[in-house]
A.B. asks: 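Encoded as structure tokens, here's the structure I'll be asking about.
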Amino acid sequence: MPRRPEHGDYATNLALVLGSKKGERAMDIAKGVLENLADPKGYLERVEVAPPGFINLFLNRGKLLEKVKEVVQEGVNYGRSSLQEEVKVLVEFVSANPTGPLHVGHGRGAALGSALANLLEAAGYKVTKEYYVNDMGRQMEVLGRSLYIRYLQLLGEDVDMPEDHYRGEYMVDLAKELFSLFGDELRGKEEVEALEACRHFASSRILEGIRKDLEEFRVTYDRWFHESSLYEEGRVQSHLERLREKGLVYERDGAQWFKSTEFGDEKDRVVVRKDGRTTYLASDIAYHADKLERGYQRLVDIWGADHHGYVPRMKGVMQALGADPSCLNIVLVQMVSLLRDGIPVAMSTRAGEFATLREVMEEVGVDAARYIFLMRSPDSHLDFDLELAKKQEKENPVYYVQYAHARICSIEREARERGVELPKVEEADLTLLQLPEEWELIKQIVGYPDLVREAAEAMEPHRLTFFLDGLAAQFHAYYNRGWLEPQARVICPDPELTKARLLLVRAVKQVLWNALTILGVSAPEKM
RNA sequence: GCGCCCGUAGCUCAGCUGGAUAGAGCGUCGGACUUCGAAUCCGCAGGUCGCAGGUUCGAAUCCUGCCGGGCGCGCCA
């Protein structure tokens, strides 16, 4: 899409690229392309060649106007497409350990994962959303002991909480809850048994809290996959055995190692420790094998960027499992720094200083929080200042876009009040739309389906936020033109023109709604 | 030391996979409300795209080397 109008509505550098490859003059190739250009459906008004070899395409107005009618006819389905064949994709995201409440970093992953899942679905993929619950390992033991200590403290015993345990205030609350259920019953039991009860209680209650936070954040899952289920069925061991037969798992220094160097990793990785316990990598091998066995052709894992060092070994795991490593797409989302009045807020789970997702939701609202998380490329660090977000609430970008939607709803309400019926698609003569602002709006909404496909392919929902901002800006400019020019208003003196404009504006509203919905942000009819 | 990400306007960031004169929001300054919602719009100002080379018709975009910031480099997850 060229910037300057004389370069057409679309432009291609095809001839320049071909010219450099074949060593021919680009201008000659461009002219040749022009002569052989087929346009059976008449989409093109005219085509020009410009030095040094650009081909500029000017779209046929009438054909574009028909597209506007399609927007209204297709409604919520406009912009959705279907792939040639069904592709099953599994999006796994957040997957935070159930050792404490979700913090802002998880919020970013949650917003991104859910929006990406919607986006892929809109592009025609068959999407499943999954949360991997790490309910095994040392951290779970530490969690159980942390709760046990809080519980004993509650009963008046003098026990110290070690530095490396979970010291957050929420553990005290859990201890109280535990006490109200069991009284001092646990104190009399064997420690092993009490710890097991604490572990189970803490992790299930915390996981329940996580589920509720996410639901409130408009994030839902098709499945919660528990790491422990892999062990109950003995599948971790069986997959390790299979890799051992392939020579990809071997013993050294009393431990079992996965030969990830075979696939480009810088060193081999331990899967079974000297003491016989498996590592998380062993679980991940079984888990990803399970994903493949379930028939997913494409696996999307969304990780915090601090886990980037694990990418090579996971790619290696895919190859070891006999899969193409390119079918595993790992999206690394950079850190979020939560600020309060410009001052960084510490976000350590164990130290118990929280910047929870719940806090953020309650302070700035779900719409604003989701939109801010989704505005930037996952590759960029994100500064999220709570105070600033609150102060600027009314200037927040999300309100700008939502306002455009609400404004159109308002226009439609006004039209009805004045006795103007909203036109049916066949009743409107769109050729009456002659303002440059209208042409710009038309071009933008017509380009929306391509945007959805491209954003999905790049796995970059943030492109939608920039599209939305641009569409809203174009609409607001259009609307404001009617401020001083009553004949440029949607509801104008000419009834036929009014019908055409109402239809256009309805198409704009539909596209705003569709894109906002993919992002999981509401499109209010009133604000 | 090695690896990944980032470096674009005063601030926060886009830049559509190498195109034509680098964009937006916020902030500053100046304008537009007798009503289709001013949560908006219009305009001014603001740039050696971190630095230096290279690739070619053409580079913010690709390659190399530096500089600066963030994050990793466990028989933790």
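Keep in mind that the numbers below use all heavy atoms, side chains included, and drop hydrogens, waters and symmetry copies. Owing to the predicted nature of the structure, the values given are computational and were not obtained by experimental measurement.
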A.B. asks: Over all strands shown, is A/Arg418 touching base, sugar-phosphate only, or nothing at heavy-atom distances under 4.0 angstrom?
C.D. replies: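 Sugar-phosphate, no base atom in range.
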A.B. asks: Assess whether one donor atom and one acceptor atom, taken from the side chain of A/His308 and the base of B/G3, lie less than 3.5 Å apart.
C.D. replies: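 Check passes, donor-acceptor contact within cut-off.
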A.B. asks: Stem list for RNA chain B, please, built from Watson-Crick and G-U wobble pairs under 3.5 Å and keeping only runs of at least 3.
C.D. replies: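 Detected stem regions: B:1-7 with B:67-73, B:10-13 with B:23-26, B:29-32 with B:40-43, B:50-54 with B:62-66.
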A.B. asks: Is any side-chain N or O of A/Tyr403 closer than 4.0 Å to OP1 or OP2 of B/C41?
C.D. replies: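 Checking B/C41 against A/Tyr403, no side-chain N or O comes under 4.0 Å of OP1 or OP2.
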A.B. asks: Please measure how far the C1' atom in B/A52 lies from the corresponding atom in B/A59, and state the result in whole Å.
C.D. replies: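 The answer is 15 Å between these two C1' atoms.
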A.B. asks: Using the purine O4'-C1'-N9-C4 or pyrimidine O4'-C1'-N1-C2 torsion, is B/U48 syn (within 90° of 0) or anti?
C.D. replies: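 Anti for B/U48; the angle lies over 90° from 0.
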A.B. asks: Please check if the distance between the ring centroids of A/His226 and A/Tyr132 is under 6.0 Å.
C.D. replies: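 No; A/Tyr132 has its ring centre 6.0 Å or more from that of A/His226.
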A.B. asks: Do the numbers put A/Arg407 on top of the ring of A/Tyr479, so that NZ or CZ is under 6.0 Å from the six-membered ring centre and no more than 45° off the axis?
C.D. replies: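 Verdict for A/Tyr479: a cation-pi partner in A/Arg407.
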A.B. asks: Classify A/Thr465 by what it touches in the nucleic acid, base, sugar-phosphate, or nothing, heavy-atom distance under 4.0 Å.
C.D. replies: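 The answer is nothing, as A/Thr465 stays clear of every strand by at least 4.0 Å.
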A.B. asks: Below 4.0 angstrom from OP1 or OP2 of B/A38, is there any side-chain N or O of A/Tyr479?
C.D. replies: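 Answer yes for this pair, as a side-chain N or O of A/Tyr479 is under 4.0 Å from OP1 or OP2.
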A.B. asks: Could you tell me how far B/A39 sits from B/C26 if I compare only their C1' atoms? Round to whole Å.
C.D. replies: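 Approximately 15 Å lies between the C1' atom of B/C26 and that of B/A39.
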A.B. asks: Provide the distance between the two C1' atoms, one in B/U28 and one in B/U34, to the nearest whole Å.
C.D. replies: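 One C1' to the other, the span is 32 Å.
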A.B. asks: To the nearest Å, how far apart are A/Gln139 CD and B/C75 C1'?
C.D. replies: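 So the two atoms are 16 Å apart, to the nearest Å.
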A.B. asks: So if I apply the side chain to side chain contact (heavy atoms under 4.5 Å, CB included) rule between A/Val271 and each of A/Asp284, A/Thr278, A/Leu281, which one comes out positive?
C.D. replies: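 When side chain to side chain contact (heavy atoms under 4.5 Å, CB included) is applied between A/Val271 and each of A/Asp284, A/Thr278, A/Leu281, only A/Leu281 qualifies.
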A.B. asks: Calculate the interatomic distance between A/Glu414 atom CD and B/C36 atom C1'; express it in whole Å.
C.D. replies: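 Going from A/Glu414 (CD) to B/C36 (C1'), I get 6 Å.
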A.B. asks: So, A/His307 side chain and A/Trp303 main chain: donor-acceptor pair closer than 3.5 Å or not?
C.D. replies: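 No: the side chain of A/His307 does not pair with the backbone of A/Trp303.
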A.B. asks: Could you check how far CG of A/Asn480 sits from P of B/A39, rounded to whole Å?
C.D. replies: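 After rounding, the gap between these two atoms is 10 Å.
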A.B. asks: For A/Arg145, does the CZ atom have more than 12 heavy-atom neighbours from other residues, nucleotides or ligands under 6.0 Å away?
C.D. replies: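 Check fails, neighbour count at 12 or below.
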A.B. asks: Which part of the nucleic acid, if any, lies within contact of A/Ser380, taking any heavy atom under 4.0 Å across all strands shown: a base, the sugar-phosphate backbone alone, or nothing?
C.D. replies: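 Since only primed, P, OP1 and OP2 atoms lie under 4.0 Å of A/Ser380, the category is sugar-phosphate.
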A.B. asks: Looking at every strand, decide which applies to A/Ala404 at a 4.0 Å heavy-atom threshold: base, sugar-phosphate, or nothing.
C.D. replies: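 Nothing: the residue A/Ala404, judged by heavy atoms under 4.0 Å, touches no strand.
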A.B. asks: With heavy atoms under 4.0 Å as the rule, sort A/Ala477 into base, sugar-phosphate or nothing.
C.D. replies: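 Sugar-phosphate contact only.
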A.B. asks: Could you tell me how far apart A/Arg277 (CZ) and B/C76 (P) are, to the nearest whole angstrom?
C.D. replies: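 After rounding, the reported distance stands at 8 Å.
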A.B. asks: Start with the C-alpha distance between A/Glu412 and A/Lys509, add both sets of side-chain angles, then the distance that settles salt bridge (charged side-chain N to carboxylate O under 4.0 Å, His left out), and finish with yes or no.
C.D. replies: CA-CA 11 Å; A/Glu412 293 180 341; A/Lys509 182 179 87 167; 2.8 Å; yes
A.B. asks: Starting at the 5' end of RNA chain B, which residue's closest nucleotide do you reach first, A/Phe466 or A/Asp379?
C.D. replies: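 Looking at the nearest nucleotide for each, A/Asp379 comes out on the 5' side.
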A.B. asks: Tell me what A/Asp253 touches on the nucleic acid: a base, only sugar-phosphate, or nothing, going by heavy atoms under 4.0 Å.
C.D. replies: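 Since a base atom lies under 4.0 Å of A/Asp253, the category is base.
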A.B. asks: Tell me: CD of A/Glu437 to C1' of B/U40, nearest whole Å?
C.D. replies: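 After rounding, the reported distance stands at 15 Å.
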A.B. asks: With a 3.5 Å distance limit and no angle check, can you tell me whether A/Ser380 reaches the backbone of A/Arg376 through a side-chain donor-acceptor pair?
C.D. replies: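 Looks like no, no N/O pair under 3.5 Å.
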A.B. asks: Applying a 4.0 Å non-hydrogen cut-off, can you work out what A/Gln402 is touching in the nucleic acid: base, sugar-phosphate, or nothing?
C.D. replies: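 Here A/Gln402 touches no strand at all.
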A.B. asks: Starting at the 5' end of RNA chain B and moving along, which residue's nearest nucleotide shows up first, A/Met375 or A/Trp483?
C.D. replies: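 Taking each residue's closest nucleotide, the earlier one in sequence belongs to A/Met375.
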A.B. asks: Considering only side-chain heavy atoms of A/Leu332, which listed nucleotide, B/C4, B/C75, B/C71, is closest?
C.D. replies: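 Looking only at side-chain atoms, A/Leu332 lies closest to B/C4.
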A.B. asks: Could you walk me through whether A/Arg244 and A/Glu251 pass the salt bridge (charged side-chain N to carboxylate O under 4.0 Å, His left out) check?
C.D. replies: CA-CA 9 Å; A/Arg244 204 172 289 125; A/Glu251 189 166 335; over 6 Å; no
A.B. asks: Among the nucleotides B/A39, B/C41, B/G37, which one has an atom lying closest to any side-chain atom of A/Ser410?
C.D. replies: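 Per side-chain heavy atoms of A/Ser410, the pick is B/G37.
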A.B. asks: Any base atoms under 4.0 Å from A/His462, or only sugar-phosphate, or nothing? Heavy atoms, all strands.
C.D. replies: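 It contacts sugar-phosphate atoms only.
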A.B. asks: Just the table, please: protein N/O against nucleotides 9-12 of chain B N/O, every pair under 3.5 Å.
C.D. replies:
{"unit_1": "B/U12", "atom_1": "O2'", "unit_2": "A/Arg376", "atom_2": "NH2", "d": "2.2"}

A.B. asks: Is the side chain of A/Arg199 donor-acceptor paired with the backbone N or O of A/Met140 at a distance under 3.5 Å, no angle test?
C.D. replies: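 Looks like no, no N/O pair under 3.5 Å.
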A.B. asks: P atom, B/G7 versus B/C44: distance in rounded Å?
C.D. replies: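 Between the two P atoms, the distance is 28 Å.
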A.B. asks: Identify whether the distance between the nearest side-chain nitrogen and carboxylate oxygen of A/Lys291 and A/Asp301 falls below 4.0 Å.
C.D. replies: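 Salt bridge flag = yes for A/Asp301 with A/Lys291.
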A.B. asks: What integer number of Å spans the P atoms of B/G72 and B/G65?
C.D. replies: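 Roughly 24 Å separates the two P atoms.
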A.B. asks: Rounding to a whole Å, what distance do you find between A/Gln334:CD and B/G72:P?
C.D. replies: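 Answer to the nearest Å: 11 Å.
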A.B. asks: What is the separation between atom CG on A/Leu451 and atom C1' on B/U17, rounded to the nearest whole Å?
C.D. replies: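 Result: 15 Å.
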A.B. asks: Heavy atoms under 4.0 Å, any strand shown: does A/Gly137 hit a base, just sugar-phosphate, or nothing?
C.D. replies: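 Touches nothing.
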A.B. asks: Please give, in whole Å, the distance from B/C36 C1' to A/Arg413 CZ?
C.D. replies: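 Interatomic distance, CZ of A/Arg413 to C1' of B/C36: 11 Å.
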A.B. asks: In whole angstrom, give me the gap between the C1' atoms of B/G15 and B/C71.
C.D. replies: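 Their C1' atoms lie roughly 25 Å apart.
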A.B. asks: Please determine whether a side-chain nitrogen or oxygen atom of A/Arg489 lies at a distance below 4.0 Å from atom OP1 or OP2 of B/C36.
C.D. replies: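 So the side-chain polar atoms of A/Arg489 do come within 4.0 Å of the phosphate oxygens OP1 or OP2 of B/C36, strictly under.
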A.B. asks: Give me the distance, rounded to whole Å, that separates B/G25 from B/C36 when you measure between the C1' atoms they each carry.
C.D. replies: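 About 27 Å, rounded to a whole number of Å.
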A.B. asks: Below the 4.0 Å mark, does B/A38 have OP1 or OP2 next to a side-chain nitrogen or oxygen of A/Arg407?
C.D. replies: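 Yes, within the criterion.
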A.B. asks: The side chain of A/Tyr400 lies closest to which of these nucleotides: B/C41, B/G74, B/C36?
C.D. replies: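 Output: B/C41.
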A.B. asks: Would you mind telling me which of B/C75, B/G37, B/C41 lies closest to the side-chain atoms of A/Trp257?
C.D. replies: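 Nucleotide nearest to A/Trp257's side chain: B/C75.
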A.B. asks: Could you tell me if the side chain of A/Gln402 sits less than 4.5 Å from the side chain of A/Val521, heavy atoms only?
C.D. replies: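 With C-beta onward as the side chain, the pair touches.
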A.B. asks: In this structure, which one of A/Leu512, A/Val511, A/Val452 forms a side chain to side chain contact (heavy atoms under 4.5 Å, CB included) with A/Phe467?
C.D. replies: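 Single side chain to side chain contact (heavy atoms under 4.5 Å, CB included) partner of A/Phe467 among A/Leu512, A/Val511, A/Val452: A/Val511.
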A.B. asks: What interatomic distance, in whole Å, is found between P of B/G27 and the corresponding atom of B/G68?
C.D. replies: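 Here B/G68 and B/G27 have their P atoms 34 Å from each other.
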A.B. asks: I'd like to know if A/Glu141 and A/Arg138 make a salt bridge, using a cut-off of under 4.0 Å between side-chain N and carboxylate O.
C.D. replies: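 Salt bridge flag = no for A/Arg138 with A/Glu141.
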